[in-house]
2 protein chains.
Amino acid sequence: MIADPAARRDVPDATVARLPEYLRALTDLAGRGVASVSSEELATVAGVRSAKLRKDLSHLGSYGVRGVGYEVEVLAHEISRQLGLAQNWPVAIVGLGYLGHALATYSGFANRGYHVVALLDRDPEIVGQEIAGMIVGSVDDLEQVVTGHGVAIGVIATPAASAQEVCDRFVAVGVRSVLNFAPCVLSVPQGVHVRKVDLATELQILAFHEQRKTESVRESRPLLEVSP
Amino acid sequence: MIADPAARRDVPDATVARLPEYLRALTDLAGRGVASVSSEELATVAGVRSAKLRKDLSHLGSYGVRGVGYEVEVLAHEISRQLGLAQNWPVAIVGLGYLGHALATYSGFANRGYHVVALLDRDPEIVGQEIAGMIVGSVDDLEQVVTGHGVAIGVIATPAASAQEVCDRFVAVGVRSVLNFAPCVLSVPQGVHVRKVDLATELQILAFHEQRKTESVRESRPLLEVSP
DNA sequence: TACTGTGAAGCTATTCACAGCG
DNA sequence: CGCTGTGAATAGCTTCACAGTA
């Protein structure tokens with residue numbers, strides 16, 4: 001085995017997706033003065049099963065003490081490091097409708113390793129406004145802003161019709177990570193990461209399950225058969 | 001077979017999670033006057049592989065024509081039906097900070113089978129304001145509002161500290177589907193569905209990958225070779 | 001022919017259950 | 001002893017490849 005703490009093991013995507021939640025849980029515990037937790041306790045706070053938590057953490061290395069548990073500070077620091085939260089990533093937000101506005105003022109960003117360095121919009125009514133202590137700039141200056149601030153992550157909160165164009169411009173000046181709130185698929189070259197969040201999608205998934213619950217109560221019979 | 005409410009592994013979760021995206025793609029195509037698509041074309045618009053699309057659709061039944069493709073209208077209708085979008089689910093939003101505001105005005109909801117019937121907040125400064133054509137009510141009236149409008153889905157956009165309490169009150173008056181934007185884990189009884197969206201989580205996942213890219217550039221060596 | 005629908009194979013993720021260690 | 005870390009077992013998801021069909 002390798003002693004190098006920076007040794008890059010392969011961390012599964014499913015695990016990566018849960019690390020922020022573990023970090024959030026650990027931060028909560030630290031705030032309440034808890035110094036040490038078992039996998040069972042931490043799993044409860046994070047909303048997963050303890051076996052899954054232990055397996056996930058095992059991909060990062062061995063940061064627990066057998067018979068005791070995990071030191072909250074140590075583990076929080078390690079997860080932060082792996083997520084790269086020490087680096088204060090410069091973020092630019094394009095599109096300052098209500099959602100962009102919400103993102104710009106979201107304290108969760110500043111507190112967790114991100115630094116919103118630019119707000120851009122196309123609408124002359126919005127350009128020049130002050131939001132979250134920053135002046136909204138024109139999307140025309142996107143390239144200059146990205147280059148000037150070394151923006152690493154681009155957030156797209158525009159209508160769907162503009163999203164691909166904004167994305168292309170981000171990519172053209174070197175942005176390789178994009179968070180897309182517009183309800184459309186973005187096409188990007190290899191090596192660029194896009195994550196998509198669609199608020200309506202989430203509601204639709206809930207509605208699917210809600211409908212099943214309602215149906216099974218109404219019909220009180222299995223959904224098996226449909227005659228053709 | 002018995003009408004066991006737990007006996008529903010009909011449509012896999014992973015498939016359900018993609019149905020809204022397929023529907024969005026189909027709606028786009030319909031808007032552009034396209035009447036028929038192949039799985040290849042639809043998959044491209046939806047951002048997946050055609051084999052996955054076909055497998056997903058096969059869980060809903062057989063709505064394509066071999067040698068031809070899918071009729072856009074027919075397939076859109078079928079997915080809508082399965083997602084329960086004909087039912088115009090009544091939704092209540094609690095917490096009208098910027099995010100709640102964004103959700104209340106999000107046209108994606110009204111257009112896709114949801115009906116926001118109530119906005120509630122705790123802050124007397126916000127109660128009484130008009131947002132998206134509705135008057136914000138007091139969270140004190142939550143029970144009355146939920147019962148009166150038959151709210152099926154509760155959206156929580158409050159700070160983390162209030163989220164569990166709001167959730168408990170939703171559940172106590174019969175809400176079984178909750179969309180949680182607060183950065184905390186909600187505990188709910190069996191049979192209640194919670195979906196969580198955390199904006200900071202999404203950024204952290206991107207940052208993880210961004211960091212890996214940056215590291216591998218800095219070190220400029222392939223990820224394979226690790227000397228033991 | 002050109003496409004869908006689907007078994008089967010391959011992969012990834014989760015859970016189990018216990019060895020290993022403080 | 002109690003708890004972590006992990007191989008092994010299981011479950012779930014994706015991809016392949018082609019049989020089946022309008």
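Order of the sequence lines sets the chain letters (A, B, ...), proteins ahead of strands, with each chain counted from 1.
A straight line from CG of A/Asp13 to P of D/dC13 spans 16 Å, rounded to a whole angstrom. A straight line from CG of B/Leu75 to C1' of C/dG5 spans 14 Å, rounded to a whole angstrom. Note: CG (A/Leu57) to P (D/dT4) measures 9 Å, nearest angstrom. One can place CD of B/Glu71 at 15 Å from P of D/dA22, the figure rounded to the nearest angstrom. The distance from atom NE2 of A/His59 to atom P of D/dT4 is 16 Å, rounded to the nearest whole Å. Between the P atom of C/dT6 and the CG atom of B/Asp56 lies a distance of 13 Å, rounded to the nearest Å. Between B/Glu40 atom CD and C/dG5 atom P there is a gap of 14 Å when expressed in whole angstrom units. In this structure, A/Leu60 places its CG atom 14 Å from C1' of D/dT4, rounding to the nearest Å.
Side-chain atoms of B/Arg54 lie closest to D/dA17 of the nucleotides D/dA17, D/dG5, D/dT15. Distances were taken from every side-chain heavy atom of A/Arg49 (C-beta onward) to each of C/dT6, C/dT15, D/dT15; the shortest belongs to C/dT15. Distances were taken from every side-chain heavy atom of B/Ser38 (C-beta onward) to each of D/dC13, D/dC16, C/dT4; the shortest belongs to C/dT4. The side chain of B/Lys55 lies closest to C/dA8 when the candidates are D/dA22, C/dA8, C/dA13. The side chain of A/Lys52 approaches C/dT14 more closely than any other nucleotide in the set C/dT14, C/dG5, D/dT4.
Residue-to-nucleotide proximity on DNA chain C shows that, of A/Gly67 and A/Arg18, the 5′-proximal contact is made by A/Arg18.
In plain terms, the two heavy atoms of A/Leu57 and A/Ile79 that are nearest each other are CD2-CD1, 4.2 Å. Scanning both residues, A/Ala30 and A/Glu73, for their nearest heavy atoms gives CB-OE2, 4.2 Å. Closest approach of A/Glu41 to A/Ser36, counting heavy atoms only: OE1-O, 4.3 Å.
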Next item on the list: With salt bridge (Lys or Arg N to Asp or Glu O under 4.0 Å) as the test, would you mind laying out the steps for A/Asp28 and A/Arg24 before giving the verdict?
Entry: CA-CA 6 Å; A/Asp28 270 16; A/Arg24 211 256 327 136; 2.9 Å; yes

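A donor N or O paired with an acceptor N or O is not found under 3.5 Å between the base of D/dT21 and the side-chain atoms of B/Arg66.
For the pair B/Leu42/B/Leu29, a side-chain contact is recorded, criterion being any heavy-atom separation below 4.5 Å from C-beta on.
Of the side-chain N and O atoms in B/Ser39, one or more sit less than 4.0 angstrom from OP1 or OP2 of C/dT4. Phosphate proximity of D/dG5 to A/Tyr70: present, with a side-chain N or O under 4.0 Å from OP1 or OP2.
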